[in-house]
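Owing to the predicted nature of the structure, the values given are computational and were not obtained by experimental measurement. Chain letters run A, B, ... following the sequence lines, proteins first, then strands; residues in each count from 1. The basis for the numbers below is simple: all heavy atoms, side chains too, and nothing from hydrogens, waters or symmetry mates.
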Amino acid sequence: MNIKAPKGTKDILPSEIRNWQHIEKTANDIFSRADFKEIRTPIFEDTCLFERGVGDTTDIVNKEMYTFIKSDRSLTLRPENTAGVVRAYLEHNFYRESPPVKLWYKGPMFRYERPQAGRQRQFHQIGVEMFGIQDASADAECIMLAVEFLKALGLNDLTVEINSLGCNICRREYKDRLKKAIAPFLNELCEDCQNRYEKNPLRILDCKNENCTKLFEKYNLKETVSGIELCPECSEHYNKLKTYLTALNIKYTENTFLVRGLDYYTKTVFEIKSNNLGSQNAVCGGGRYDGLVELLGGPATPAVGWAMGVERINSLIPQVNSYKIKFFVVSDNQLEAFKLVSKLRQQGISADFDYNARKFAKQLEKASKIAEYAIILGEEEIKNNYFTVKKLSDSSQEKMDFEDIIKL
RNA sequence: GCGGGCAUCGCCAAGCGGUUAAGGCCUCGGAUUGUGGUUCCGAUAUACGUGGGUUCGAAUCCCACUGUCCGCCCCA
């Protein structure tokens with residue numbers, strides 16, 4: 001038998017689990033403070049949820065989904081969780097609650113891609129979604145939450161990039177003008193860009209093809225695009241966001257080329273990047289998706305959110321060593337040792353002993369590796385009803401009774 | 001889907017056509033029959049990814065496959 005974890009998946013081992021627990025606990029702490037509530041949705045959903053929600057022009061839906069048929073029903077392992085959260089939001093009539101509805105989630109996502117640094121087929125995201133607030137304060141709240149969360153994990157030197165894609169109304173205008181600006185050199189662009197031109201011209205800005213990038217520069221696309229005006233409402237929204245961010249002391253850079261790969265974004269989009277991640281450098285990505293709830297059959301509902309890649313965050317924070325237990329009971333009398341361990345655990349204190357009843361020196365050696373203190377329980381101690389407690393870090397030891405021990 | 005690198009014990013790793021295939025770490029035992037973390041000794045009874053080929057001879061060269069890592073695309 002030689003079965004290995006499938007390509008692009010990883011076991012999270014005991015030696016690294018503390019980092020994960022720390023990240024998840026930090027998320028819970030930071031988000032709870034802002035009254036975001038955790039939600040857990042299924043790992044698979046009806047395929048059509050993603051086809052509609054994520055968008056059938058996206059790579060995610062076109063070539064990266066794990067889809068299977070069961071009882072004539074097409075199901076898909078979730079490639080992201082916004083669609084699932086929106087589905088739950090609708091299914092449980094959250095839109096009848098007084099806005100905002102603020103939710104966060106954590107869990108595995110699945111995308112069939114070639115694994116590389118910072119990318120797996122099963123990976124984990126932590127994300128937030130905020131429903132019901134039109135005002136840019138919601139966008140700012142989400143970005144702030146992301147920054148606070150990363151800061152709490154000790155990540156300060158990340159860059160926040162923002163942009164506005166406009167609403168449906170001005171996006172049409174925006175697209176037309178973008179297309180007009182690109183038209184003169186369209187046939188010089190790469191094949192992908194030519195395909196995107198009709199289907200989803202915004203994505204052209206995201207192209208990393210060297211030749212295309214050069215052309216953008218040559219034709220001053222950057223200036224032309226940043227010159228395109230959003231409709232008054234979107235423009236005001238965007239300005240308001242910037243005002244909020246500045247007031248909240250959140251540093252950001254504007255990136256007019258920033259376009260997200262999912263179809264549902266409107267107005268605000270943003271990314272948080274790190275220079276220490278290799279080529280997959282986005283730690284967090286998100287934005288506003290005012291049309292999605294309605295698209296999935298609910299009432300028109302403004303919404304903002306983001307998702308972070310937990311593996312990517314994890315690779316940026318220092319590894320926490322696995323902890324030591326408090327006591328290791330060293331004794332030739334296994335029965336008494338076991339009883340003492342049991343009593344300590346009942347007091348809520350971590351303790352262990354040698355299941356093999358090995359020689360004294362071996363037991364002590366083991367103790368020094370996994371525990372803070374060794375409790376020596378020999379014939380003398382048992383007879384006279386005390387414990388010799390040895391602090392393993394400096395070899396100091398003293399006689400104690402049970403009350404003393406549990407206070408340590 | 002397309003490129004490139006790498007594959008030697010549980011982990012790290014030497015070896016570059018002829019070796020009993022180094023060494024270190026970890027684990028276990030002993031020196032030390034109630035005091036560890038240092039030191040010394042020993043053990044882990046078939047480790048060269050798989051399958052072909054070249055050669056008198058292959059871990060070492062060639063081919064294919066598989067795995068893995070990195071990059072493109074895309075994304076977190």
Checking A:Asn81 against A:Thr41: is there a side-chain donor and acceptor pair closer than 3.5 Å? yes
Touch class at under 4.0 angstrom, heavy-atom based, for A:Ala367 against every strand present: nothing
So, does A:Arg119 get its side chain near the phosphate of B:C70, meaning an N or O under 4.0 Å from OP1 or OP2? no
Take atom C1' in B:G24 and the same atom in B:G51, then report the distance between them in whole Å. 33 Å
Given B:C72, is OP1 or OP2 found less than 4.0 Å from the side-chain N or O atoms of A:Ser279? yes
Ignoring backbone atoms, test whether A:Lys7 places a side-chain nitrogen or oxygen under 4.0 Å from the OP1 or OP2 oxygen of B:U68. yes
Less than 4.0 angstrom from a charged side-chain N to a carboxylate O is my criterion; do A:Asp352 and A:Arg345 meet it? yes
When the aromatic ring centroids of A:Phe31 and A:Phe149 are compared, is their separation below 6.0 Å? yes
What's the closest nucleotide to the A:Leu364 side chain, out of B:U35, B:G3, B:A76? B:U35
For A:Ile313, answer base if it contacts any base atom (sugar-phosphate contacts may also be present), sugar-phosphate if it contacts only those atoms, and nothing otherwise; contact means non-hydrogen atoms under 4.0 Å. nothing
In whole Å, I'd like the distance from the CG atom of A:Asn281 to the C1' atom of B:C70. 15 Å
Please report, rounded to the nearest Å, how far the P atom of B:G67 is from the NZ atom of A:Lys10. 15 Å
Atom pair distance, as rounded to whole Å: CZ in A:Arg121 and P in B:C69: 11 Å
Measuring to OP1 and OP2 of B:U27, would you say a side-chain N or O of A:Lys369 lies under 4.0 angstrom away? yes
Result for 5'-nearest mapping on RNA chain B, choosing between A:Arg312 and A:Leu277, is A:Leu277
Extract the stems that RNA chain B is part of, considering only consecutive pairing runs of at least three Watson-Crick or G-U wobble pairs, both distances under 3.5 Å. B:1-7 with B:66-72, B:10-12 with B:23-25, B:27-31 with B:39-43, B:49-53 with B:61-65
Side-chain donor-acceptor pair under 3.5 Å between A:Thr388 and A:Glu381, yes or no? yes
Take the protein atom CD of A:Glu365 and the nucleotide atom C1' of B:U35, then report the distance between them rounded to whole Å. 12 Å
From the set B:U35, B:C70, B:A76, return the single nucleotide nearest to any side-chain atom of A:Phe360. B:U35
Considering only the P atoms, how many Å lie between B:A13 and B:G4, rounded to the nearest integer? 24 Å
Looking at every strand, decide which applies to A:Glu380 at a 4.0 Å heavy-atom threshold: base, sugar-phosphate, or nothing. base
Separation of atom CG in A:Asn62 from atom P in B:G1, rounded to whole Å: 15 Å
In whole angstrom, give me the gap between the P atoms of B:A14 and B:G57. 29 Å
Looking at every strand, decide which applies to A:Gly378 at a 4.0 Å heavy-atom threshold: base, sugar-phosphate, or nothing. base
Could you tell me whether A:Glu379 contacts a base, only the sugar-phosphate backbone, or nothing, with contacts defined as non-hydrogen atoms closer than 4.0 Å? base
Could you check whether A:Gln363 gets within reach of a base, just the sugar-phosphate, or nothing at all, counting any heavy atom under 4.0 Å? nothing
Strictly below 4.0 Å, N to O, side chains only: are A:Lys240 and A:Asp135 in salt-bridge contact? yes
Mark yes or no for a side-chain to base donor-acceptor pair under 3.5 Å between A:Glu381 and B:G34, with no hydrogen or angle criteria applied. yes
What I want to find out is whether A:Lys391 reaches A:Glu372 closely enough, with some N-O distance under 4.0 Å, to be called a salt bridge. no
What nucleic acid atoms does A:Thr58 come within less than 4.0 Å of, heavy atoms only: base, sugar-phosphate, or nothing? nothing
For A:Asp263 and A:Thr57, does a side-chain donor sit closer than 3.5 Å to a side-chain acceptor? yes
So A:Glu271, base contact, sugar-phosphate only, or nothing? Heavy-atom distance under 4.0 Å. nothing
Take atom NZ of A:Lys362 and atom C1' of B:C28, then tell me their distance rounded to the nearest Å. 7 Å
If we take the C1' atom in both B:C48 and B:C12, what is their distance in whole Å? 16 Å
Pair A:Glu254 + A:Lys242: basic N to acidic O under 4.0 Å: yes
Pick base, sugar-phosphate or nothing for A:Gly118, based on heavy-atom distances below 4.0 Å to the nucleic acid. base
Do A:His124 and A:Asn314 have a side chain donor and acceptor closer than 3.5 Å? no
Determine, for A:Phe131 and A:Lys102, whether the Lys NZ or Arg CZ falls below 6.0 Å from the six-membered ring centre while staying within 45 degrees of the axis. no
I need the CG-P distance between A:Asn356 and B:C28, as an integer number of Å. 9 Å
Rounded to whole angstroms, how far apart are CD1 on A:Ile370 and P on B:U27? 12 Å
Does B:C28 have OP1 or OP2 sitting under 4.0 Å from an N or O in the side chain of A:Lys359? no
Across the strands shown, which category fits A:Arg260 at heavy-atom distances under 4.0 angstrom: base, sugar-phosphate, nothing? sugar-phosphate
Quote, to the nearest angstrom, the P distance that separates B:G5 from B:C62. 12 Å
Considering only the P atoms, how many Å lie between B:U66 and B:G10, rounded to the nearest integer? 24 Å
Please determine, for the side chain of A:Lys4, which listed nucleotide (B:C73, B:G67, B:A76) has the closest atom? B:G67
Hey, does A:Leu262 reach any base, or is it just sugar-phosphate, or nothing, if we go heavy atoms under 4.0 Å? sugar-phosphate
For B:C28 and A:Arg358 - does any side-chain N or O of the residue sit under 4.0 Å from the phosphate oxygens OP1/OP2? yes
Face-on cation placement of A:Arg121 at A:Phe110 ring, 6.0 Å and 45° thresholds: no
Mapping A:Gln116 and A:His124 onto RNA chain B by nearest heavy atom, which one lands closer to the 5' end? A:Gln116
Please report the distance separating the P of B:C25 from the corresponding atom of B:C65, rounded so that it comes out in whole Å. 41 Å
Euclidean distance for C1', B:G23 against B:C9 (whole angstrom): 13 Å
